[in-house]
Engineer: 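Let me begin by handing over the structure; questions about it come next.
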Amino acid sequence: MTRAVEALSGNSIYQVTFGEMAELSDEMRQHFPQAVGSLPPKRIGSNVLVLFFSGDAAAPYKVGSRWRIEVGGSGEISVRGEEQ
């Protein structure tokens with residue numbers, strides 16, 4: 001979860017990004033930029049879903065929490081943090 005500013009209104013929002021880590025083949029690794037003296041990454045994060053929430057109140061979610069996302073038939077999204 002990252003705090004952000006909504007570009008049109010200037011209001012505070014939260015951005016929550018969900019994704020997965022993908023292995024990179026040796027062939028693909030050579031195409032990624034790298035700092036001098038370092039090796040290219042073996043894995044890379046890939047964003048799958050990015051959600052934005054109003055930022056008027058403190059975020060109730062903890063770092064490392066697990067999430068349950070449900071998308072209803074008419075497009076409504078329900079997000080709940082779960083205890084580990």
Engineer: Pick one: which of Leu51, Asn47, Val50 meets side-chain contact (heavy atoms from CB on, under 4.5 Å) with Phe18?
Structural biologist: Leu51

Engineer: Would you compute the distance between atom CZ of Arg43 and atom CD of Glu20 and round it to the nearest 0.5 angstrom?
Structural biologist: 10.0 Å

Engineer: Donor-acceptor pairs are to be reported for all side-chain atoms of residues 29-36 against protein atoms at under 3.5 Å, with residues two or more places apart or in another chain.
Structural biologist:
| from | atom 1 | to | atom 2 | distance (Å) |
| --- | --- | --- | --- | --- |
| Arg29 | NE | Pro41 | O | 3.0 |
| Arg29 | NH2 | Pro40 | O | 2.7 |
| Gln30 | NE2 | Glu27 | O | 3.1 |
| Gln34 | NE2 | Ser38 | O | 2.9 |

Engineer: Could you list the cluster mates of Val5? Members are the ILVMFWY residues connected by side-chain heavy atoms closer than 4.5 Å, either directly or through other members.
Structural biologist: none

Engineer: With rounding to the nearest 0.5 angstrom, report the CD1 to CZ distance, Ile13 to Arg3.
Structural biologist: 10.0 Å

Engineer: Would you please name every residue forming a side-chain contact (heavy atoms from CB on, under 4.5 Å) with Ser46, sequence neighbours left out?
Structural biologist: none

